[in-house]
Amino acid sequence: MISRVLRAVSRAMIAAGGIWVYVPAVRPLDAPAPGHPERLGHGTPLTETERALDRALRDGPD
């Protein structure tokens, strides 16, 4: 009985929050945003350290 009431109250609070709180749509994060420091320039070759990290990530743990 109490769990039913709590479930109903929580659903009502979620519905009320959806009405009163604006939640903007989030775009998918498939790449860093423009100007982000981790964004690589197109056509920029990787450094030796970056190539080593890339190889290590592709090979996986041994």
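Nothing fancy with the numbering, it's 1 onward along the sequence.
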Cationic N near anionic O, under 4.0 Å, Arg58 to Asp54: yes
Determine, using the 4.5 Å side-chain heavy-atom cutoff (strictly less than), whether Val5 and Met13 are members of one ILVMFWY cluster. yes
Nearest 0.5 angstrom please: Glu48 CD to Leu53 CG, how far? 10.0 Å
Interatomic distance, OG1@Thr49 vs CZ@Arg51, rounded to 0.5 Å, equals 9.0 Å
